[in-house]
Amino acid sequence: MLEEALAEMRRTLFPPDPAADLPAAETTALRRGGLEMTPAHAWALARTASEYAALLETSLAAGDAARRLGLDPSRIRQLLAARRIYGLQVKGAWRIPLFQFDGDRLLPGLEEVVPLLAEDLHPVAVYRWFTTPDPDLSPHPLDPALSPREWLLAGYPSILVAELAAHLDSL
């Protein structure tokens with residue numbers, strides 16, 4: 001399925017031959033000059049695809065997440081339905097990415113942040129946002145920025161992370 005999705009994305013987003021719109025002489029000159037005539041964003045697509053595959057591979061099935069948290073599987077389904085935890089549906093089954101966990105518990109404040117994420121955000125975008133330092137998340141002006149995940153783990157107020165989450169769809 002992943003290969004099929006990538007092939008379709010590639011056809012939709014990137015022309016099969018970037019040189020197709022150029023005169024032959026220009027294409028020849030560019031290739032002679034060392035320019036690789038592949039889609040400009042092929043590397044980004046490949047990187048996103050590999051991150052998505054890793055995200056799926058390391059995510060927990062709903063039952064495994066329930067066992068890890070000491071909850072009934074029905075509670076996990078309730079949290080997913082209410083968008084209190086982030087999950088991916090793959091072939092009708094839920095997968096819960098590990099970045100939301102701190103050992104055998106959920107990140108503090110997670111249930112306030114996840115509902116504010118735009119539902120159409122790509123899973124890799126959600127993962128990157130949670131794990132990449134954000135300049136707005138620095139406890140003190142001279143301290144390094146923290147990722148939303150680090151911020152929540154440190155016990156800082158989740159309201160700031162929730163406000164940032166609410167604006168991700170406008171980026």
Minimum heavy-atom distance [X]-[Y], with the two atoms named:
| X | Y | value |
| --- | --- | --- |
| Pro123 | Tyr52 | CG-CE1, 3.8 Å |
| His167 | Glu163 | ND1-O, 2.7 Å |
| Glu112 | Ala162 | O-CB, 3.9 Å |
| Ala165 | Val113 | CB-CG1, 3.8 Å |
| Gly109 | Leu152 | CA-CD2, 4.4 Å |
| Pro139 | Pro144 | CD-O, 4.1 Å |

Practice task
Begin from the C-alpha positions of Tyr156 and Leu146 and carry the test side-chain contact (heavy atoms from CB on, under 4.5 Å) through to its verdict.
Solution key: CA-CA 11 Å; Tyr156 293 115; Leu146 300 175; 3.8 Å; yes
Side-chain heavy atoms of [X] within contact of [Y], under 4.5 Å:
| X | Y | answer |
| --- | --- | --- |
| Leu117 | Arg83 | yes |
| Asp134 | Trp151 | no |
| Pro148 | Val161 | yes |

Exercise for the section: Run the numbers on Leu110 and Phe130 for side-chain contact (heavy atoms from CB on, under 4.5 Å), then give the verdict. Expected result: CA-CA 10 Å; Leu110 184 71; Phe130 263 101; 3.8 Å; yes
Exercise for the section: Output the distance between atom CD1 (Ile85) and atom CZ (Arg77), rounded to the nearest 0.5 Å. Expected result: 11.5 Å
Practice task
Report the distance from atom CD of Glu57 to atom CG of Leu98, rounding to the nearest 0.5 Å.
Solution key: 10.5 Å
Handout entry: Steps toward side-chain contact (heavy atoms from CB on, under 4.5 Å) verdict (Leu164, Leu116)
Key = CA-CA 9 Å; Leu164 293 171; Leu116 298 176; over 6 Å; no
Please answer whether the main-chain N or O of [Y] pairs with a side-chain N or O of [X] as donor and acceptor at a distance below 3.5 Å.
| X | Y | value |
| --- | --- | --- |
| Ser138 | Pro141 | no |
| Glu26 | Pro23 | no |
| Arg149 | Trp129 | no |

Exercise for the section: Applying side-chain contact (heavy atoms from CB on, under 4.5 Å), name anything that partners Arg84, two or more places apart in sequence or on another chain. Expected result: Leu79, Ala82, Glu111, Pro115
Problem - Sequence-distant partners of Glu51, side-chain contact (heavy atoms from CB on, under 4.5 Å), two or more places apart - result: Arg47, Val124, Tyr127, Arg128
Exercise for the section: May I ask whether Leu137 and Ile159 are part of the same hydrophobic cluster, defined by side-chain heavy atoms of I, L, V, M, F, W, Y residues being less than 4.5 angstrom apart, directly or through others? Expected result: no
Practice task
Tell me whether Leu88 is reachable from Val126 by hopping between hydrophobic residues (I, L, V, M, F, W, Y) whose side-chain heavy atoms are closer than 4.5 Å.
Solution key: yes
Practice task
Inspect the surroundings of CD in Gln89 and state if more than 12 heavy atoms from other residues, nucleotides or ligands are less than 6.0 Å away.
Solution key: yes
I'd like a table of donor-acceptor pairs (distance under 3.5 Å, sequence neighbours excluded) in which one partner is a side-chain atom from residues 99-108, with atom names and distances.
unit_1	atom_1	unit_2	atom_2	d
Gln100	OE1	Tyr86	N	2.5
Gln100	NE2	Tyr86	O	2.8
Gln100	NE2	Pro97	O	3.1
Asp102	OD2	Arg105	NE	3.2
Asp102	OD2	Arg105	NH2	2.8

Problem - Arg67/Asp64 ion pair, N-O < 4.0 Å - result: yes
